[in-house]
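In what follows, a structure is listed as structure tokens, so that the remarks can point back to it.
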Amino acid sequence: MGATFLLAAGGTGGHLFPAEALAGELSRRGHVVELATDHRVADYGGDFPARAVHIVPSATFGDRSPLGMLKSAVKLTRGYFAARALVKRLKPNAVIGFGGYPTVPPLSAALSLRVPTMVHEANAVMGRANRFLAGKVTAVATGFSETGLMGTAGPKAVHTGNPVRQRVLDARTPYQAPVPGGVFRLVVFGGSQGARVFSDLVPPAVALMAPDLRRRLEVVQQARPEDAERVAAAYAALGVTPSIAAFFGDLPARLAAAHLVVCRSGASTVAELGVLGRPSILVPLPHALDNDQKTNGQRLEAAGGALLAEQAGLTPERLAALLTDLMQAPDRLALMADAAAATGRADAVTRLANLAERVAAGSHSVISRTTTP
Ligand SMILES: CC(=O)N[C@H]1[C@@H](OP(=O)(O)OP(=O)(O)OC[C@H]2O[C@@H](n3ccc(=O)[nH]c3=O)[C@H](O)[C@@H]2O)O[C@H](CO)[C@@H](O)[C@@H]1O
């Protein structure tokens, strides 16, 4: 008979999509999956294969004023008791967290009720919620091989890789380098919530490119709703007709068709570029608390699969120069695509599901550590 898994994930794409990939695999194996998350699931959780979705109250300590701290503490306590009632009712064989503050109440409840637990850390730097939980849970799965070596996760870390959605696995095709003088497909996106900086930077960069290169461009660009009109107008003035959306449901297929991708370096983004094997210019989210995106991006750059361009120094002129160089170097793009593909872990979901089953069965212990290089 199948087991019951309660997955807990913050409601943005970056946390929900790896959880969605695991949920699909566990369901295929005959297990029951339930999801604990926050209200943002309405935007990103449409495909989530859970028997039921439970919204659990949670909070961060972002507001450090005494009143803000008190409000957060009250909300977290409410979340903890709601999660305890949920865990008692569902009787899961394991509770698995994917990072983000909404995972703290369900994981804490599971720990207090002695239910086996695991957290998955997608980024190359462990996030705050996972750092808080890592020392207490049964197992820590990591997206990058280096993450597990840090802090309290060390002895129980297993490098599984970052599971990507089935849509990504289904979109895999060999990279076709651009043909000199032919169409050049450029995909620009900013992560699950979009990034204004690409609306500000990419159209002016395209304006600075030589007309013969610009004519070859076929642009797919994610833009926040408030930016869509000005982005469309800027491209129209340049004779470029882009596909623009606030969120592309079919992004994996569009990435697979791309000759070059310009994007942020969230963990799932980097994992998808690896599984699909596509060259990219990565612009990490600046000012992030742990610089997680920069570290994720540096891994792909070090492997030769991407160029990292920090936002602080990225002018339209610099971006135009990078795009011009790469458009004129199809062999280099093909090498970058191969190097990115070498980092891809299409089997991450199998490895993570195997580990989840071991945790649920009580057969994963600290001494059975199985990290891979
Ligand atoms: C601002 C913020 O807090 N960012 C974090 C968040 O980012 P974010 O949620 O953007 O992170 P990711 O890059 O991991 O995931 C984005 C996902 O959205 C998908 N996508 C994007 C655009 C689109 O139009 N269609 C589409 O399907 C991508 O294919 C990808 O699967 O979680 C990541 C993983 O923990 C972290 O590394 C980021 O630092």
Side-chain angles (χ1 to χ4, degrees), residues 9-21 37-38 40-41 43-48 60 62 97-103 119-131 141-144 147 161-171 187-199 220-225 227-228 231 242-256 258 261-276 278 280 282-300 306 311 348-349:
T12 67
H15 294 130
L16 268 180
F17 291 158
E20 178 187 317
T37 183
D38 61 67
R40 294 169 297 178
V41 71
D43 296 332
Y44 304 105
D47 291 340
F48 207 101
T60 48
F98 282 84
Y101 59 89
T103 65
V119 292
H120 175 265
E121 176 53 61
N123 293 289
V125 179
M126 191 165 283
R128 275 166 301 165
N130 277 349
R131 269 206 305 268
T142 68
F144 290 82
T147 321
N162 281 325
V164 297
R165 293 167 292 160
Q166 190 60 39
R167 273 174 187 276
V168 179
L169 297 175
D170 292 345
V187 172
V188 182
F189 75 102
S192 54
Q193 293 155 84
R196 165 149 316 141
V197 65
F198 293 128
S199 296
V220 169
Q221 179 152 355
Q222 180 192 30
R224 291 186 176 169
D227 296 327
V231 171
S243 298
I244 298 176
F247 188 84
F248 289 99
D250 60 351
L251 189 72
R254 290 177 185 266
L255 289 176
V261 181
V262 176
C263 57
R264 291 261 190 240
S265 41
S268 288
T269 296
V270 170
E272 290 165 12
L273 291 169
V275 168
L276 293 169
R278 292 297 178 263
S280 57
L282 300 175
V283 185
L285 177 74
H287 319 301
L289 211 58
D290 304 310
N291 252 340
D292 55 339
Q293 289 211 358
K294 185 171 170 189
T295 316
N296 298 342
Q298 281 169 334
R299 300 283 177 267
L300 190 53
Q311 188 170 320
V349 71

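Counting starts at 1 for both ligands and their atoms, in listed order.
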Give me the residue, atom name and distance of the protein heavy atom closest to [atom].
atom	answer
atom 6 (C) of ligand 1	G14 CA, 4.3 Å
atom 9 (O) of ligand 1	S192 OG, 2.5 Å
atom 15 (O) of ligand 1	S268 CB, 3.6 Å
atom 21 (C) of ligand 1	G191 O, 3.5 Å
atom 37 (O) of ligand 1	N123 OD1, 2.5 Å

With heavy atoms only and a cut-off of under 4.0 Å, state how [X] meets ligand 1: side chain, backbone, both or neither.
X	answer
D292	side chain
F17	side chain
V164	neither
T269	both

Any N or O of [X] that comes nearer than 3.5 Å to an N or O of ligand 1?
X	answer
Q193	no
F248	yes
F247	no
E272	yes

Donor-acceptor under 3.5 Å ([X] side chain, [Y] main chain):
X	Y	value
Q293	L285	yes
Q222	G190	yes
T37	A9	yes

Flag the pair M126 / V119 as yes when at least one side-chain heavy-atom distance between them is below 4.5 Å, and no otherwise.
no
Quick one: are R264 and V197 in side-chain contact, heavy atoms under 4.5 Å?
yes
Nearest-0.5 Å distance that lies between atom CG in L300 and atom OG in S280
5.0 Å
Roughly how far, to the nearest 0.5 Å, is the OG atom of S199 from the CG atom of D227?
4.0 Å
Would you mind running through ligand 1 and noting each atom that sits below 4.0 Å from a heavy atom of [X]?
X	answer
L251	20 (N), 21 (C), 22 (C), 23 (C), 25 (N), 26 (C), 27 (O), 28 (C), 29 (O)
H15	35 (O)
Q222	22 (C), 23 (C), 24 (O)
L285	1 (C)

Measuring from non-hydrogen atoms of R165 to any atom of ligand 1, is the shortest distance under 4.0 Å?
yes
For T269 and F189, run side-chain contact (heavy atoms from CB on, under 4.5 Å): C-alpha distance rounded to whole Å, both residues' side-chain angles, the deciding distance at 0.1 Å, then the answer.
CA-CA 10 Å; T269 296; F189 75 102; 3.5 Å; yes
Please determine which of N123, N162, N291 meets the side chain to side chain donor-acceptor pair (under 3.5 Å) test together with N296.
N123
Flag if over 12 foreign heavy atoms under 6.0 Å of CZ, R128:
no
Protein non-hydrogen atoms only, distance under 4.0 Å: does atom 25 (N) of ligand 1 have such a neighbour?
yes
Step-by-step salt bridge (Lys or Arg N to Asp or Glu O under 4.0 Å) determination, E272 to R165
CA-CA 9 Å; E272 290 165 12; R165 293 167 292 160; 3.6 Å; yes
To which of E20, Q293, K294, Q221 does the heavy atom nearest atom 39 (O) of ligand 1 belong?
Q293
Matching residue for P252 among V275, D170, V168, L169 - test: side-chain contact (heavy atoms from CB on, under 4.5 Å):
V168
